[in-house]
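Taking it in order: structure first as structure tokens, then the write-up.
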Amino acid sequence: MNLAIVLNVVIQGVLTGLMYGLMALGLSVIFGVVRVVNFAHGEFAVVAMYATYLLFVGLGLDPLISLLPIALAFFAIGYFLQITLVNRFVGRSEHEQFILLVGLAIIIVNGLLMIFGPDARPTNLPYSLDSFEIGPLFIDTARVYSAVAALLVSAALFAFFRYTTTGTAIRACADNLTGAGVVGLNVKRLYAVTFGIGLACVGAAGSLMVTIADASPSLAQSFTLLAFTIVIIGGLGSMTGALVGGVLIGVSEAMASFFFAPSMKSMFSFALLVAVLVLRPQGLMGRRA
Amino acid sequence: MLRVENLDVFYGDAQALDGVSIEIEEGAIVAIVGANGAGKTSLIRTIAGMHKPTRGHVYFRGLDIAGWPSHRVCDLGIGQVAEGRQVFPTLSVAENLEMGAMLPRARAERAKNLERIYAMFPVLIERRQQAAGTLSGGEQQMLAIGRCLMGSPDLVMFDEPSLGLAPTIVQSVLQTVRDLNREGLTCVLVEQNVAVSLKLASHAYVLENGRITLAGSGEALLGDDRVRQAYLGM
Ligand SMILES: Nc1ncnc2c1ncn2[C@@H]1O[C@H](COP(=O)(O)OP(=O)(O)OP(=O)(O)O)[C@@H](O)[C@H]1O
Ligand SMILES: [Mg+2]
């Protein structure tokens with residue numbers, strides 16, 4: 001076996017993994033702050049894929065460009081959802097939250113099926129078959145662009161949480177909710193901003209995902225599961241963990257597909273998940289269990 | 001300035017406050033004395049909007065604020081130095097202080113307040129970039145007081161500010177309360193150290209099982225036999 005081939009597979013996995021990481025980041029941020037698991041996460045990713053597809057087919061917009069308006073629209077949707085619906089379920093028992101978000105997921109998938117039907121919709125980018133050649137390495141151009149975009153969005157998010165007052169206030173809510181009440185932070189509004197940010201992440205990730213998959217309602221559940229797996233591997237509530245977990249799963253999927261069979265990639269992801277749960281239950285970057 | 005009337009507070013079926021009425025005059029230090037579980041924290045948190053009362057009124061400068069959310073109550077100038085300090089452990093000292101100034105009423109005075117707080121507690125300057133969770137108990141209490149003052153409050157409710165602190169630090173925390181009051185801040189003081197808090201207070205209430213059972217000037221309560229027996233061990 002040739003080292004260059006392995007390296008090719010690994011690089012491809014890392015690039016895909018960064019997109020996965022961005023998607024998982026959304027789930028992680030929502031859970032870490034609002035303490036609600038967004039069981040409709042993958043469904044939102046697929047909605048973004050369809051939106052990207054439509055903007056491409058209708059207006060000829062490149063996914064790298066439509067990513068911005070889609071992320072903005074998803075922020076607004078997330079903000080609105082949290083204010084109107086999810087806030088009522090914050091602090092309630094987990095099965096009630098579960099039913100709310102799974103219900104939302106079912107509505108989304110069936111809505112997509114009604115509108116678009118079950119067939120996959122490919123976004124045929126003009127550069128989808130191009131690749132960069134570096135010595136013996138062939139790297140998909142589209143994947144490189146998408147991964148760079150995913151990194152930029154993630155970096156913007158890290159900067160938001162580190163350097164802005166709103167970002168700091170959101171961290172404060174996650175840190176000590178009683179303390180947030182004591183100083184008079186508007187927790188409901190900050191939760192809405194957080195849910196909006198979480199959805200903006202999935203929205204952006206979904207846009208980028210059209211470069212590696214065709215939009216189809218059947219992707220939704222596996223994306224939710226994927227995001228969930230990544231967040232648990234990386235450590236619940238850890239943003240770096242989500243990115244690292246995404247890259248790990250991306251590489252594991254790429255290797256499993258290449259060395260074994262594409263249909264076996266999930267098996268390896270779950271094996272990784274079980275290994276992490278056994279050896280380090282709080283996740284790779286998580287704080288305590 | 002603040003008048004609480006017939007306040008009833010429940011946690012599920014358990015009643016924590018039962019018809020509580022108190023009055024706090026502008027510029028005063030009012031002590032609230034009571035055993036563990038008497039309802040002192042419940043009273044403070046209900047006034048602060050962190051818990052909704054079942055019945056009763058909370059008038060602040062004539063406005064009935066009972067049931068308002070905490071961010072609106074704080075923005076009226078009602079601050080709180082909470083039980084257990086409630087700092088944000090992973091945020092830095094500077095970020096904690098910043099969080100105290102998120103209220104619309106406090107934004108314009110942010111720089112001025114920060115300067116004043118750093119002058120009051122110089123140790124916080126040294127620890128500016130340090131995570132609040134790594135501070136000592138006394139430093140965390142200074143941070144909690146500083147964070148509260150960042151909100152430019154007119155009234156501050158102190159809930160056991162000296163709990164768990166070394167005796168010398170207890171002295172300085174209570175001295176801080178006295179100094180702030182002299183500068184014009186109205187204070188509500190809940191203290192395990194009943195003798196000291198009654199000496200500081202112009203007016204005091206005794207809370208027992210969610211009811212006000214005794215009220216009067218600090219001095220009068222210090223001399224009251226029931227208070228001396230129950231809280232001063234005399
Ligand atoms: N979140 C809560 N849920 C249920 N019961 C509560 C809650 N908080 C307080 N209580 C109950 O309400 C009553 C009053 O409690 P509170 O904390 O107000 O008393 P306290 O006077 O502040 O006591 P301490 O001196 O221990 O701080 C107690 O019986 C307590 O068990
Ligand atoms: Mg208490």
Side-chain angles (χ1 to χ4, degrees), chain A residues 28-29 31-35 79 82-84 87-88 90-93 157-194 235-242 282-283 285-289, chain B residues 41 44-52 68-107 110 131-133 140 143-153 156-159:
Chain A
S28 180
V29 164
F31 178 78
V33 179
V34 188
R35 297 275 141 191
Y79 190 97
Q82 179 73 33
I83 286 283
T84 54
N87 258 332
R88 297 162 199 267
V90 168
R92 287 224 222 156
S93 59
L157 202 64
F158 278 84
F160 169 80
F161 280 114
R162 176 102 344 241
Y163 299 112
T164 69
T165 23
T166 306
T168 309
I170 291 174
R171 278 190 289 132
C173 292
D175 226 14
N176 181 350
L177 197 54
T178 307
V182 166
V183 298
L185 294 180
N186 189 343
V187 174
K188 286 201 165 141
R189 196 186 73 85
L190 292 168
Y191 277 5
V193 172
T194 307
L236 279 172
S238 159
M239 291 176 54
T240 356
Q282 74 271 41
M285 308 251 161
R287 275 181 255 149
R288 282 167 287 130
Chain B
T41 300
I44 287 182
R45 290 205 172 158
T46 307
I47 294 171
M50 293 166 70
H51 198 82
K52 280 196 173 30
W68 282 26
S70 55
H71 62 96
R72 290 186 60 201
V73 174
C74 286
D75 201 39
L76 290 174
I78 300 180
Q80 186 191 163
V81 176
E83 183 175 63
R85 308 187 265 271
Q86 307 296 346
V87 299
F88 302 115
T90 71
L91 268 55
S92 70
V93 166
E95 286 172 335
N96 266 274
L97 291 174
E98 191 185 347
M99 290 300 100
M102 293 290 280
L103 307 164
R105 79 180 332 253
R107 272 181 213 145
R110 213 178 140 263
Q140 285 192 15
L143 179 58
I145 295 173
R147 187 183 64 176
C148 174
L149 296 177
M150 285 297 286
S152 299
V156 171
M157 303 181 283
F158 294 87
D159 195 348

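Naming convention: chains lettered A, B, ... in sequence-line order (proteins, then strands); numbering from 1 in each chain.
The side-chain heavy atoms of B:Glu95 and A:Arg171, taken from C-beta on, include a pair separated by under 4.5 Å. In this structure, B:Met50 and A:Thr178 have side chains that are in contact, with non-hydrogen atoms separated by less than 4.5 Å.
Of the listed residues (A:Cys173, A:Ala172, A:Ala180), the one with the most heavy-atom contacts under 4.5 Å to chain B is A:Ala172. With chain B as the partner, the residue from A:Asn186, A:Val187, A:Thr166 showing the most heavy-atom pairs under 4.5 Å is A:Asn186.
For a heavy-atom cut-off of 4.5 Å, chain A lies close to B:Cys74, B:Gln80, B:Ala82 in residues 74-84 of chain B.
Using a 4.5 Å cut-off between heavy atoms, B:Arg45 contacts chain A through its side chain alone, with no backbone atom that close. In this structure, chain A has heavy atoms under 4.5 Å from both the backbone and the side chain of B:Pro89.
Residues A:Val183 and B:Leu103 approach most closely at O-CD2, 3.8 Å, considering heavy atoms. Closest approach of B:Thr90 to A:Asp175, counting heavy atoms only: N-OD2, 2.7 Å. The heavy-atom pair separating A:Leu185 from B:Phe88 by the smallest distance is CD1-CZ, 4.4 Å. Closest approach of A:Ala169 to B:Met99, counting heavy atoms only: CA-SD, 3.4 Å.
Checked against salt bridge (Lys or Arg N to Asp or Glu O under 4.0 Å), A:Arg88 has no partners two or more places apart in sequence or in another chain. Partners of A:Ser93 by side-chain contact (heavy atoms from CB on, under 4.5 Å), not counting sequence neighbours, listed by chain and number: A:His95, A:Glu96. Applying the side-chain contact (heavy atoms from CB on, under 4.5 Å) criterion to B:Ala132, with sequence neighbours excluded, gives B:Val87, B:Asn96, B:Leu143.
Atoms NE2 and CG, on B:His71 and A:Leu190 in that order, are 9.5 Å from each other to the nearest 0.5 Å.
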